[in-house]
Amino acid sequence: MDLIPLKKSFYNRDTVTVAKELLGCLLVHYAPEGLTIGRIVETEAYMQGDPACHASRGMTKRNRPMFGDPGHAYIYFIYGMYYCFNVVTEREGLGEAVLIRALEPLQGISLMQGRRKKEKMTDLCSGPAKLVQAMGIEKSYNGMHLQGNKLFIAPGDKQDPGVIITTTRIGIKAGADLPLRFYIAGSCYISKR
DNA sequence: GTCCTGATCCTCT
DNA sequence: GAGGATCAGGACG
């Protein structure tokens, strides 16, 4: 399969479109310990005017990467223990992003199992904080662009990712009724609930 | 400065 | 199904 990073122009579009088209794409991380790859099976869109979006109340030290160039990573710390991985979308300065919520593990499975201290395939990447752990993504990647050769997203090997289901988002209160969560129908690697 | 909340996950019942 | 871990931001005084 081709492991060529998606171009900046892919991300510099409507956030919902990017969130849908990221489904089926591959998240690739060349870590010192080895290569891990996961197929994106679940995303959520966070947009301007959305109370749940960190950027909805202007720029702060924490959310500054969200206002950067499209195609940058925005990684943020939550609940004192976990990190979530987002990709910045739309034009620079707008402050929109897509949260990667779940992956189907493809390569580096044993590495993921070691990092997660879990054996089951469905326990490796079935949640935003889990996949960050399994992929070995660190907070130092915050604000980094995804066109390099360490951490990036590549087009999926299949043209058609399958049927995309649109539902309301998970685990948030503000804006909970907005249909901004997308996942691949039938995948057993999504974060359920 | 204090207080509260959260785009979570894990470990019990 | 419920509660704890654990900390940075944001709201308020």
Side-chain angles (χ1 to χ4, degrees), chain A residues 11 14-20 22-23 25 27 36 38 40-68 70-90 94-105 112-144 146 151 153 164-184 187-193:
Chain A
Y11 302 105
D14 171 70
T15 301
V16 169
T17 303
V18 176
K20 285 183 186 170
L22 278 175
L23 294 174
C25 291
L27 181 60
T36 45
I40 298 171
V41 294
E42 184 179 349
T43 61
E44 281 179 6
Y46 286 86
M47 313 171 62
Q48 268 305 329
D50 171 6
C53 177
H54 288 178
S56 65
R57 288 189 201 120
M59 195 188 310
T60 65
K61 186 180 174 185
R62 175 214 221 177
N63 66 24
R64 193 177 55 227
M66 281 184 90
F67 292 88
H72 278 233
Y74 170 49
I75 299 167
Y76 101 98
F77 190 54
I78 186 76
Y79 298 115
M81 319 176 75
Y82 296 108
Y83 294 96
C84 294
F85 175 70
N86 300 250
V87 188
V88 177
T89 60
E90 276 281 4
L94 198 61
E96 301 198 354
V98 173
L99 169 72
I100 310 298
R101 284 197 57 88
L103 305 174
E104 172 185 342
M112 292 183 183
Q113 289 169 329
R115 285 175 179 144
R116 292 271 304 126
K117 297 183 172 59
K118 297 279 179 186
E119 294 296 316
K120 277 178 59 181
M121 288 287 286
T122 49
D123 283 341
L124 296 180
C125 297
S126 56
K130 296 181 191 176
L131 69 91
V132 166
Q133 248 184 36
M135 294 290 293
I137 297 171
E138 296 176 34
K139 62 179 183 299
S140 60
Y141 288 106
N142 191 25
M144 191 184 187
L146 297 174
L151 180 68
I153 300 175
I164 295 175
I165 308 284
T166 302
T167 60
T168 54
R169 289 173 298 182
I170 284 187
I172 57 173
K173 291 179 181 171
D177 54 342
L178 297 173
L180 295 174
R181 174 187 180 221
F182 311 99
Y183 64 89
I184 295 178
S187 172
C188 58
Y189 297 103
I190 63 170
S191 66
K192 291 168 186 156
R193 218 194 281 196

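The chains referred to below are lettered A, B, ... by the order of the sequence lines, with proteins before strands, and numbering in each begins at 1.
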> Expressed in angstrom and rounded to an integer, what is the separation of A/R64 atom CZ from C/dG9 atom P?
Replying inline: 11 Å

>> Is the base of B/dG6 stacked against the aromatic ring of A/Y79, taking ring centres under 5.5 Å apart and planes under 30° as the test?
In response: no

>> Distance check needed: B/dA7 C1' versus A/N142 CG, whole Å only.
In response: 15 Å

>> Heavy atoms only, 4.0 Å cut-off, all strands: where does A/K61 land among base, sugar-phosphate and nothing?
In response: nothing

> If you look at every strand shown and take non-hydrogen atoms under 4.0 Å, does A/A129 touch a base, only sugar-phosphate, or nothing?
Replying inline: sugar-phosphate

> Heavy atoms under 4.0 Å, any strand shown: does A/Y82 hit a base, just sugar-phosphate, or nothing?
Replying inline: base

>> Under 4.0 Å, counting only non-hydrogen atoms across every strand here, what does A/R57 touch: a base, just sugar-phosphate, or nothing?
In response: sugar-phosphate

>> If I take atom CD1 in residue A/I170 and atom P in nucleotide B/dG6, what distance separates them, rounded to the nearest angstrom?
In response: 16 Å

> For A/Y76 and A/K118, take the nucleotide of DNA chain B holding the closest heavy atom to each; which residue's nucleotide lies nearer the 5' end?
Replying inline: A/Y76

>> Show the nearest heavy-atom pair for residues A/A19 and A/T43, with the distance to one decimal.
In response: O-OG1, 3.0 Å

> Can you name the nearest heavy-atom pair linking A/Y11 to A/V18, along with the distance?
Replying inline: O-CG2, 3.9 Å

> OP1 or OP2 of B/dT8 less than 4.0 angstrom from a side-chain nitrogen or oxygen of A/R101, does that happen here?
Replying inline: yes

> Between B/dC9 atom P and A/K130 atom NZ, what is the distance in whole Å?
Replying inline: 6 Å

>> What is the separation between atom CZ on A/R116 and atom P on B/dT8, rounded to the nearest whole Å?
In response: 14 Å

>> Whole angstroms only, please: what is the CE-P distance between A/M81 and C/dG3?
In response: 18 Å

> Of all the choices, C/dC7, C/dG9, B/dA7, which nucleotide is nearest to the side chain of A/F77 once you look at every atom?
Replying inline: C/dC7

>> Using OP1 and OP2 only, check whether a side-chain N or O of A/K173 sits under 4.0 Å from B/dT5.
In response: no

> Can you list the steps and then say if A/Q133 with A/R116 is a side-chain hydrogen bond (donor to acceptor under 3.5 Å, both in side chains)?
Replying inline: CA-CA 6 Å; A/Q133 248 184 36; A/R116 292 271 304 126; 2.8 Å; yes

> Parallel, tilted or perpendicular: which describes the rings of A/Y74 and A/H54, with under 30° parallel and over 60° perpendicular?
Replying inline: perpendicular

> Contact class for A/K117 vs. all strands (heavy atom < 4.0 Å): base, sugar-phosphate, or nothing?
Replying inline: nothing

>> Without decimals, in angstroms, what is the distance between A/I78 CD1 and C/dA5 C1'?
In response: 13 Å

> In whole angstrom, what separates A/E96's CD from B/dA7's P?
Replying inline: 17 Å

> Considering Watson-Crick and G-U wobble pairs with both distances under 3.5 Å, what does C/dT6 pair with?
Replying inline: none

>> Of the options C/dG9, B/dC9, B/dT8, whose atoms approach the side-chain atoms of A/T60 most closely?
In response: C/dG9

> Where is the tightest heavy-atom contact between A/T36 and A/A134, given as atom of each residue plus distance?
Replying inline: CG2-O, 4.3 Å

>> For B/dA7 and A/R62 - does any side-chain N or O of the residue sit under 4.0 Å from the phosphate oxygens OP1/OP2?
In response: no

> Which nucleotide, in any strand shown, forms a Watson-Crick or G-U wobble pair with B/dT2, with both distances under 3.5 Å?
Replying inline: C/dA11

> Just checking A/I172: base, sugar-phosphate only, or nothing, at a heavy-atom cut-off of under 4.0 Å?
Replying inline: sugar-phosphate

> Rounded to the nearest 0.5 Å, what separation is found between the CD1 atom of A/I137 and the CG atom of A/L151?
Replying inline: 5.0 Å

